[in-house]
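Down below is the structure, laid out as structure tokens.
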Amino acid sequence: MKITVLVDSNTFINHYFYGEPGVSYYIETEDKKLLFDVGYSNVFLQNAKKMNIPLYELDALVLSHGHDDHTGGLYPLLKYYTEAYYEDNVTNKPELISHPSVFESKRIEGQEIGLLVSKAKVGNYFNLQLHDKPFWINEKLVYLGQIPRINDFENKQPIGIIEKNGREEPDYLFDDSALAYKSSEGLVIITGCSHSGICNIIEYAKKVCNTEKIADVIGGFHLLEPDERQLENTVSYLKKQSLKSLHPCHCVSLKSKIALARQVNIEEVGVGLVLSFS
């Protein structure tokens with residue numbers, strides 16, 4: 001598997017790519033080409049073009065959850081597919097893999113922070129695969145579905161509200177999920193924001209994939225302003241995993257990265273980074 005970072009708030013100094021506070025990764029496996037999240041704008045498309053990555057060849061788009069810094073690029077992607085159809089007669093219709101709640105309205109103080117494109121409209125371009133249980137994309141790669149919340153130090157506060165069936169309720173981001181890949185070195189876990197809790201996600205990935213060995217984790221860990229208890233417990237947990245490396249990026253503060261670096265081998269992430277796993 002190869003992961004190419006298309007969107008991150010950081011860009012490497014030797015590349016002239018665009019950055020923004022969002023997430024988008026291009027993933028290639030033995031038989032699949034996937035996009036994991038689409039950032040906040042059309043930046044992922046601009047970076048993919050500069051990297052000569054043809055996104056009209058996608059087999060699937062995976063959305064980690066419904067927040068706009070991970071789904072805001074969806075409308076530009078639909079326009080991209082429309083242009084590919086009319087200009088190059090591209091008729092590919094990929095799968096869209098996510099949680100059933102990903103299209104629900106999400107708001108903070110009345111401001112929409114969720115998907116701005118309707119489920120019906122997206123269904124014209126993608127075959128929708130909405131699952132709250134693990135969904136195997138191929139024999140090595142799995143979308144984890146809804147993550148069980150087993151730790152008492154993670155995901156205790158809602159973020160805004162979610163509207164379900166016309167009723168508003170606190171949003172605990174039950175749609176937040178991740179991917180896990182079974183490499184020869186152990187599991188590689190790919191996250192968006194980890195609103196479910198990065199430790200919860202890792203534990204569930206190990207259960208779903210029936211292994212205790214973790215090679216790497218890349219993505220957001222939702223450690224922007226963690227309280228001391230959450231940060232200490234997270235660092236302690238990750239130290240016990242005997243990780244080969246760790247790639248914390250989106251929604252991880254410098255303070256959290258420093259705390260992690262004292263116990264775990266963390267690596268820098270930026271647009272243009274390519275990671276490969278056998």
Side-chain angles (χ1 to χ4, degrees), residues 1-8 10-12 14-15 17-19 22-39 42-64 70-71 73-74 76-78 80-81 84 88 90-98 125-127 129 131 134-144 177-192 201 205 208-209 211 213-220 244-247 249-250 267-278:
M1 176 182 67
K2 183 167 76 171
I3 303 171
T4 302
V5 178
L6 296 182
V7 171
D8 189 69
N10 183 39
T11 61
F12 288 143
N14 60 331
H15 293 295
F17 298 129
Y18 301 99
V23 165
S24 183
Y25 304 140
Y26 178 64
I27 302 170
E28 298 169 272
T29 70
E30 295 79 0
D31 61 346
K32 298 288 185 181
K33 297 177 180 178
L34 304 96
L35 195 59
F36 181 82
D37 285 348
V38 288
N42 69 342
V43 159
F44 77 101
L45 286 171
Q46 296 181 68
N47 288 335
K49 183 177 181 179
K50 290 169 75 72
M51 297 178 200
N52 296 313
I53 295 175
L55 294 181
Y56 55 79
E57 295 180 354
L58 288 180
D59 295 296
L61 164 65
V62 180
L63 296 179
S64 64
H70 299 259
T71 64
L74 190 53
L77 183 61
L78 300 188
Y80 171 84
Y81 278 134
D88 301 304
V90 174
T91 58
N92 183 37
K93 190 174 184 180
E95 292 183 326
L96 186 149
I97 303 167
S98 195
Y125 294 83
F126 293 91
N127 294 313
Q129 293 281 357
H131 301 276
F135 176 76
W136 287 90
I137 298 169
N138 61 24
E139 64 180 12
K140 290 187 176 182
L141 184 67
V142 61
Y143 167 75
L144 294 174
S177 192
L179 291 174
Y181 178 79
K182 298 171 70 174
S183 81
S184 60
E185 305 167 71
L187 289 184
V188 179
I189 299 172
I190 305 160
T191 70
I201 289 171
V208 169
C209 298
T211 182
K213 191 175 181 181
I214 308 295
D216 203 342
V217 186
I218 178 171
K244 180 180 179 182
S245 59
L246 192 68
H247 288 82
C249 47
H250 177 70
E267 302 285 351
E268 188 176 10
V269 178
V271 179
L273 174 69
V274 178
L275 298 172
S276 296
F277 304 91
S278 61

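The shown structure was predicted, so the numbers you read here are calculated from the model rather than taken from an experiment.
Side-chain atoms of T191 come within 3.5 Å of backbone atoms of G220 as a donor-acceptor pair (strictly under, hydrogens ignored). The backbone N or O of F44 lies less than 3.5 Å from no partner atom in the side chain of Y18, so there is not a single donor-acceptor pair. Here the side chain of T29 pairs no donor or acceptor atom with the backbone of M1 at under 3.5 angstrom. A donor-acceptor contact shorter than 3.5 Å links the side chain of D8 to the backbone of N10. When atom types are taken as modelled, the side chain of S98 and the backbone of L63 share a donor-acceptor pair closer than 3.5 angstrom.
Every residue meeting the side-chain contact (heavy atoms from CB on, under 4.5 Å) condition with S177, not counting sequence neighbours, appears here in chain and number order: Y143, L144, I147. Remark: E30 pairs with N138, K140, Y181 by the side-chain contact (heavy atoms from CB on, under 4.5 Å) rule, at least two apart or across chains.
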Check against side chain to side chain contact (heavy atoms under 4.5 Å, CB included), H247 and D216: CA-CA 7 Å; H247 288 82; D216 203 342; 2.9 Å; yes
Working note: L55 + L45, criterion side chain to side chain contact (heavy atoms under 4.5 Å, CB included); need CA distance, chi angles, decisive distance, verdict. CA-CA 8 Å; L55 294 181; L45 286 171; 3.7 Å; yes
Run L141 and L34 through side chain to side chain contact (heavy atoms under 4.5 Å, CB included) and show every step you take. CA-CA 11 Å; L141 184 67; L34 304 96; 3.8 Å; yes
Walk me through whether F277 and K2 qualify under side chain to side chain contact (heavy atoms under 4.5 Å, CB included). CA-CA 6 Å; F277 304 91; K2 183 167 76 171; over 6 Å; no
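Within 6.0 Å of atom NZ in K93, more than 12 heavy atoms from other residues, nucleotides or ligands are found, so the atom counts as buried in its surroundings. Around the CZ atom of F135, the shell of radius 6.0 Å holds more than 12 heavy atoms that belong to other residues, nucleotides or ligands.
Using modelled atom types and a 3.5 Å distance limit, the side chains of S24 and D37 yield no donor-acceptor pair. For the residue pair N92 and E57, no side-chain donor N or O sits within less than 3.5 Å of a side-chain acceptor on the partner.
Shown here for A180 and C209, the closest heavy-atom pair between the two residues is CB-SG, 4.1 Å. The shortest non-hydrogen separation linking D31 to D59 is O-OD2, 3.9 Å. The two residues S183 and V188 come nearest to each other via the heavy atoms OG-CG2, 4.0 Å. Closest non-hydrogen pair, S245 versus E267, comes out as CB-CG, 4.0 Å. Of all heavy-atom pairs spanning C249 and Y25, the tightest one is SG-OH, 3.3 Å. In this structure, P76 and N42 approach most closely via the heavy-atom pair CB-CB, 3.8 Å.
Taking 4.0 Å as the cut-off between side-chain N and carboxylate O, E28 and K33 do not count as a salt-bridged pair.
Put simply, NZ on K213 and NZ on K182 are 13.5 Å apart, with the number rounded to the nearest 0.5 Å. Annotation: the span from I27 atom CD1 to F36 atom CZ amounts to 7.0 Å, rounded to 0.5 Å. Expressed to the nearest 0.5 Å, how far CZ of F12 lies from CD of E268 amounts to 5.0 Å. Rounding to the nearest 0.5 angstrom, the gap separating the CG atom in L273 from the CZ atom in F17 is 11.0 Å.
Between L6 and I53, some side-chain heavy-atom pair lies under the 4.5 Å cut-off. With a 4.5 Å cut-off on side-chain heavy atoms, N127 and L96 do not count as touching. Under the 4.5 Å side-chain criterion, counting only non-hydrogen atoms from C-beta, I137 is not in contact with Q129.
Ring pair H70/H250 is perpendicular by interplanar angle, where above 60° counts as perpendicular and below 30° as parallel. Between F126 and Y81, the ring planes lie perpendicular to each other; the angle is over 60°, past the 30° to 60° tilted range.
Just one residue in the list I97, T71, L74 forms a side chain to side chain contact (heavy atoms under 4.5 Å, CB included) with L61, and that residue is L74. A side chain to side chain contact (heavy atoms under 4.5 Å, CB included) with L275 holds for exactly one of I218, V5, T4, I190; it is I218.
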